[in-house]
Amino acid sequence: MSEHNTQREEWSIADAERTYGVSSWGGGYFKIGDNGNIHVIPDTDHKDMSIDFDALIQEIRDEKIQFPVVIRFHDVLRSQVVSLNEAFNEVIKEASYTGKYNGVYPIKVNQMREVVEEIVDAGEPYDFGLEAGSKPELLAVLAYNTNVNALTILNGYKDDEFLKLALLGRKLGRKVVVVIEKYSELTALVRISKQLNIEPIIGIRSKMQSKGMGRWQGSSGEKAKFGLTVSEVIKSARYLESEGLGHTLKLLHFHIGSQLPEIRAIKDAVNEAGRIYVELHKMGFKLEYVDVGGGLGIDYDGSHSTSDSSRNYSLTEYVADVVYGLKDVCDLENVPHPNIVSESGRAITAHHSCVITEVVGEIKPEGAEIDTTETDSEHFLLKYMRELYTSLPSDTNSQTINYQEAYNDAVQWKEQASQAFKLGVIGLEEFGKIETLYWKITRQVQAYYKLQEFVPDDMQELDFSISSQYLCNFSIFQSVVDSWAIDQLLPVAPVIGLNREPVKHCSLVDITCDSDGKIDQFVVEHAVSGLLPMPELREGEKCYLGIFLTGAYQDVMGDMHNLFGRLNEVHVFSHDDDPEDFYIEEVINGSTVEQVLTIMQYHPSAMAIDVKRAIDKQVSSGAIKPREGVRWTDFYEACLSGYTYLKTD
Ligand SMILES: *Cc1c(COP(=O)(O)O)cnc(C)c1O
């Protein structure tokens, strides 16, 4: 935050853009509008359509939906599916590549039924399929991936039941590919296929030498959890051949990790897989597909770099590297180009949802101010502190005093006062006055340094140590778990009123009773900062904060820490004829208190009876009036059936 010594120009939308980087991380879907509110451009082919967050929040409030909410933009989801497929189709055409693109969506990234349905629907013209990594996911995929031309890819460890379900899919006429993760799965699959007399389609996951880099680089290399080594791949192919099933080996799979920040890793892996494919072909195993897994990254911090929260390549670059990489290896050995499968989950879902929470309070480090008027026989530390404070000129531009020295004195006296208090030398009231004066001095010192060109290091720290925390009505553990668990940087910005200069610099805390429940890493002015510029909170004015790109993984991975449950969800569709360019198609209610208690084995209806009984007892004894007793009973029950978050309206 370089706000020192500048005769500040009028704050503009360009300044807001520079501060929050909305266009850098927005992927074309988010921008700051001329009125200073964040807008969503739900369909990048129809840039004239734009949804103002102010109008959307107004409608959510009119519908009496409580915050925090998850907002899903279904058009964004569709648009991402189309972009990915079109990108592959275009490059395939341009490269005269003879294989096709047959992508799948790995549902583990976001299994919400509405999300999966939308992706399947948008992917229909492209025969876009689904991937499942567990038995429950496979049960869902069998019901939803009904297009017989689309692939169903099965990863993850499998038992006999899982394999049998895959063969049920074959019976339904679907292209279900069982990807072998470890050798014993292959013998089990052959045994069950022969028992049921159903021919499988088999894929093999190769353990790659190429390292993924980034946070999930453990997904590749010799120590990887999944996949077969080269010798196991050969052994598997030969085994299938000996069982008369060599022709069922159709796909070679790899996945070197999610959120790959570095394009080189992708090129390397594609080349390595291409080589294995070509060699298997020369051995007589005519595979039809190479599956390049997931890993296509998202530029969460907008830096377009190799940082863990970014990527140093574009979608087109990624696609070109996959297509040309495979083409080059095949052409060299005159082997037909395989069809290309990719399993991009994060890239498809991340942009489509965001969390909107309300800032409900400010936690200042100094707490409250008390009257510091002089009284008789004060302790000398209090006297010193007051004298120091009154000696500071009211004009912070004044050069007549050494502010650093003043600050050092204040820090030292406050420490001494704290010792003196603990020893019983200073009373509570006096210590309170010393604290108040200390914070007043600190604020003055900070105000002075804000106007200076040169700021000593420890004075720069001052910005952080005297910053406020904004209390937001949500739980990090439920809504942005990646920020807590893996330090994922996520774009955070106020969604309304960015045409006013944000004068507060603060960190964010949630309403859980957990000191980990905070966000203190933001991308501000293209750099990582511990503080986020925010507007001042004003009485009677709401302050809504958006946490963006939350659609992948954390949308479905949140937990119920402190019994805060799932959020209310608002599903938004764009509509050209609507004056606001959108309509709310569906509202999914978040968890009620009753629901989260039930998951924890409580019996809410029995609890209500117990509490009513206790109230009745107080009524009989005369401690509560009968009418009042009824109201308390109703109140308890209403809270049980209510939302788990703070009620703010
Ligand atoms: C998780 C996973 C994916 C999805 O990866 P993204 O980086 O989210 O695209 C794809 N394939 C496999 C095998 C996975 O385990």
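When a ligand or atom number is given, it counts from 1 through the structure's own listing order. These numbers were taken from a predicted model, which means no experiment stands behind them.
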List ligand 1 atoms under 4.0 Å from Y553, heavy atoms only on the residue side. 1 (C), 4 (C), 5 (O), 6 (P), 8 (O)
Exercise answer: donor-acceptor pairs, residues 338-345 side-chain atoms, under 3.5 Å, sequence neighbours excluded:
from	atom 1	to	atom 2	distance (Å)
N339	OD1	K100	N	2.8
S342	OG	Y101	OH	2.7
E343	OE1	H253	NE2	3.2
E343	OE2	N155	ND2	3.3
E343	OE2	H253	NE2	3.1

In sequence, state the C-alpha distance, the side-chain angles, and the governing distance for E272 and Q209, and then conclude on side-chain hydrogen bond (donor to acceptor under 3.5 Å, both in side chains). CA-CA 8 Å; E272 187 179 338; Q209 302 295 318; 4.9 Å; no
Could you tell me if any non-hydrogen atom of G295 lies under 4.0 Å from any atom of ligand 1? yes
Ring of F226, cation from K207 - is the NZ or CZ under 6.0 Å from the centre and inside 45° of the axis? no
Non-hydrogen atom of F226 closer than 4.0 Å to ligand 1: no
Taking atom types as modelled, is there a side-chain donor on H561 or T512 under 3.5 Å from an acceptor on the other? no
Contact list for residues 295-332, test ring-ring contact (aromatic ring centres under 6.0 Å, His included), sequence neighbours left out: none
For S23 and E17, does a side-chain donor sit closer than 3.5 Å to a side-chain acceptor? yes
Identify, for atom 14 (C) of ligand 1, the protein heavy atom at the shortest distance, and state residue, atom and that distance. K108 NZ, 2.8 Å
Nearest protein heavy atom with distance in Å, relative to atom 9 (O) of ligand 1: G345 N, 2.8 Å
Report yes if the distance between the aromatic ring centroids of H351 and Y29 is under 6.0 Å, otherwise no. yes
Below 3.5 angstrom, do we get any N/O pair linking R205 and ligand 1? no
Say whether V109, considering both its backbone and side-chain N or O atoms, lies within less than 3.5 Å of an N or O atom on ligand 1. no
heavy-atom search around atom 12 (C) of ligand 1 in the protein gives E343 OE1, 3.3 Å
Close approach of S344 to ligand 1, heavy atoms, under 4.0 angstrom: yes
Go through it in stages, so that I can follow the logic: the residues are H571 and H74, the test is ring-ring contact (aromatic ring centres under 6.0 Å, His included), and I'd like the CA-CA distance, side-chain angles, deciding distance and then a yes or no. CA-CA 7 Å; H571 292 218; H74 281 249; 4.8 Å; yes
Taking N or O atoms only and a 3.5 Å limit, does R346 qualify as a polar contact for ligand 1? yes
Check: of P106, S258, G294, min heavy-atom distance to atom 7 (O) of ligand 1 comes from S258
